[in-house]
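All residue numbers refer to positions in the sequence shown, counting from 1. One-based numbering, in listed order, for ligands and for the atoms of each.
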Amino acid sequence: MYINGEWLKTGQTFSVSNPATGEHIGDVVDGGQAQALAAIDAASEAISSWSSATAYARAEILLNAYSLMMDRKQNLAELMTREQGKPLKAALNEVQYAADFLRWFAEEGKRVYGETIPSARADQRFMVRYQGIGVVAAITPWNYPISMLTRKIAPALAAGCTIVLKPAEATPLCAIAMFEILIEAGLPKGVANLVTASDPRPIGEEFCTNPAVKKLTFTGSTAVGKHLAQAAAPQLKRVSMELGGHAPFIVFDDADPVHAAKGASLLKFLNTGQACISPNRIFVQRDLFDTFIQTFSARVKKMKVGNGAEPGVSIGPLVNAAAVDKVAAQVDDALRKGAILHAGGERLEQGALAKGHFYAPTLLSGVTPEMRIYRQETFGPVAAVIAFDDYDEVIEKANDTNYGLAAYVYTQNLSRAMHAFEDLNFGIIGINDINPTSAAAPFGGMNESGLGREGAREGLAEYLETKLGGFSI
Ligand code: ADP
């Protein structure tokens, strides 16, 4: 834990393990409500000097942190693979993505322009300025254990806010490594504080009820996000919520089915399906269906499952045993209700995989609305394919979800692409593109996928308040 410029290394601890091997990889100090309070106090004390520093001075520190991340890219990625399980190549990509937020917001923080507005009164002048919101509390998930931190820390610090962060209990080591970098980069004490805990509830409670916290930013499940938003509501705290998703992936009949199947298989199994923008329903127009399934299943059968530290492994473990149970239950339910299994469909518990949390990459077709997988987020390596006949039908089905984060469309027809872009009720639409994310682009969802956006100008605005001055002269 890092509070008010000091590492807290004593007290109760909780243990962290490698999800691929079950091996114990570290012990971390276990914090509670008292530590959350101390961290909020430290962030409150630091707010006046940090918010009055220039954006240039703040940027300097963020850029130092960017350089340190680049220097330690390999080490950070290896730690991430050990703690979270993703293949090393994916971990390297994540470290780069994470670092990009530091650089991008260091630059953007210098461009928090205000406005002057003409008035109807001759003696009046209006001036608008944007200023940091104050102390921010952040709660982050385990699936992207470094980039989800920088996506919050970078804009908050660039905006002149101070921050208290609670990382997921499964991945505190990545958070500690990230804080070591921020400290080395020159961050003054109290500006960013880290509270690690095995039980998130008392920390979340303090974040939501302490009047010094002006903003809560959360990435995680929709259920927990709703709970926190409710807890923060009595004080009308600002909230940003990046929650679950149930992304449709639509392949129209003018697309190349082989190219689309490659895209779908790369995207679906990224991070073993543990991503909120992972496609959960893959809709394929009937003419292409057989070719699509053939290509997809051939690719799935070739995927190597195992410890992400081993070369050639593209599917790592799931985060824990409960995640494997959830995936298995969804697949069993679908098969019981008539889905067709083309690949996978089983837990992997043999040999070297015995101690980890593995489930085979799985391809199902014939998925129908009665099946749980049709509505529930899977967060695992299961691709569910559904045939469709026409545009209106597929858009209606795609939009038939409470979620609204990401959607994907494959088509070569410009008009169809534009219609789909406009008609789909999702915050992020990839058109023939499986990676529509970047530090420079707004990430976030509609409906129950969340509130607010991260990355881009919108991501900075989440940490700013608008102040209007009316001057009578
Ligand atoms: P997932 O299902 O992906 O693990 P969660 O929403 O449970 O997602 O976890 C995301 C983050 O939310 C983690 O940091 C976790 O510790 C935290 N969290 C979970 N429950 C609560 C809670 N009741 N109060 C505050 N934080 C919570």
Side-chain angles (χ1 to χ4, degrees), residues 1 14-17 19 28-33 35-37 39-40 83-86 136-153 163-176 178-179 193-210 213 215-233 237 239-246 270-278 280 317-327 329-330 357 376-381 403 405 445 448-451 454:
M1 246 179 305
F14 64 102
S15 100
V16 185
S17 61
V28 174
V29 183
D30 200 356
Q33 192 250 349
Q35 287 73 33
L37 180 58
I40 294 167
E83 189 180 38
Q84 193 271 342
K86 70 184 64 178
V136 172
I139 298 179
T140 52
W142 46 265
N143 59 342
Y144 286 87
I146 299 190
S147 58
M148 295 303 97
L149 271 63
T150 54
R151 197 155 84 169
K152 299 182 188 308
I153 292 172
I163 191 163
V164 179
L165 184 130
K166 192 211 75 66
E169 48 278 25
T171 54
L173 301 178
C174 280
I176 290 170
M178 195 57 228
F179 268 70
N193 305 273
L194 175 69
V195 180
T196 46
S198 60
D199 179 1
R201 288 167 301 179
I203 319 275
E205 177 75 18
E206 187 62 32
F207 284 180
C208 291
T209 55
N210 189 316
V213 173
K215 155 117 196 169
L216 176 72
T217 172
F218 172 79
T219 300
S221 59
T222 293
V224 174
K226 285 180 180 175
H227 164 76
L228 294 172
Q230 271 176 4
K237 285 191 200 307
V239 291
S240 297
M241 295 279 157
E242 293 293 349
L243 309 177
H246 203 267
L270 199 68
N271 213 15
T272 316
Q274 301 170 113
C276 47
I277 58 170
S278 190
N280 234 70
L318 287 160
V319 65
N320 54 31
V324 178
D325 290 345
K326 182 180 168 199
V327 169
Q330 276 194 7
H357 308 297
Q376 267 183 15
E377 191 177 24
T378 302
F379 239 62
Y403 291 111
L405 188 55
E448 295 187 15
S449 285
L451 288 172
E454 291 194 311

Problem set entry | Nearest protein heavy atom under 4.0 Å from atom 9 (O) of ligand 1, yes or no | no
For this session: Let me see the working for Thr217 and Val239 under side chain to side chain contact (heavy atoms under 4.5 Å, CB included), right down to the final yes or no.
Result: CA-CA 6 Å; Thr217 172; Val239 291; over 6 Å; no
For this session: Could you check whether the rings of Trp142 and Phe379 sit parallel, tilted or perpendicular, using 30° and 60° as the cut-offs?
Result: perpendicular
Exercise. Given Asp199, Val224, Leu165, which has its nearest heavy atom closest to atom 7 (O) of ligand 1?
Worked result: Val224
Exercise. Can you tell me which residue and heavy atom of the protein come closest to atom 23 (N) of ligand 1, and the distance to 0.1 Å?
Worked result: Arg201 CG, 3.3 Å
Seminar exercise, completed: Checking heavy-atom distances from atom 6 (O) of ligand 1 to each of Ser221, Pro172, Ala175, the winner is Ser221
Problem set entry | Check: Thr222 side chain, Gly244 main-chain N or O, donor-acceptor pair, under 3.5 Å | yes
Exercise. Any idea which atoms of ligand 1 are less than 4.0 Å away from a heavy-atom of Phe218?
Worked result: 6 (O), 11 (C), 12 (O)
Seminar exercise, completed: of all protein heavy atoms, closest to atom 27 (C) of ligand 1 is Pro200 CB, 3.4 Å
Exercise. Taking the non-hydrogen atoms of Phe207, is any one of them nearer than 4.0 angstrom to ligand 1?
Worked result: no
Exercise. Any sub-3.5 Å donor-acceptor pair from Asn271's side-chain atoms to Asn143's backbone N or O?
Worked result: yes
Problem set entry | cation_pi(Lys86, Tyr144) dist<6.0 Å, angle<=45 | yes
Exercise. How about Asp30 and Thr196: do any of their side-chain heavy atoms sit closer than 4.5 Å?
Worked result: no
Seminar exercise, completed: The option among Leu243, Val319, Thr140, Thr222 carrying the non-hydrogen atom nearest to atom 11 (C) of ligand 1 is Thr140
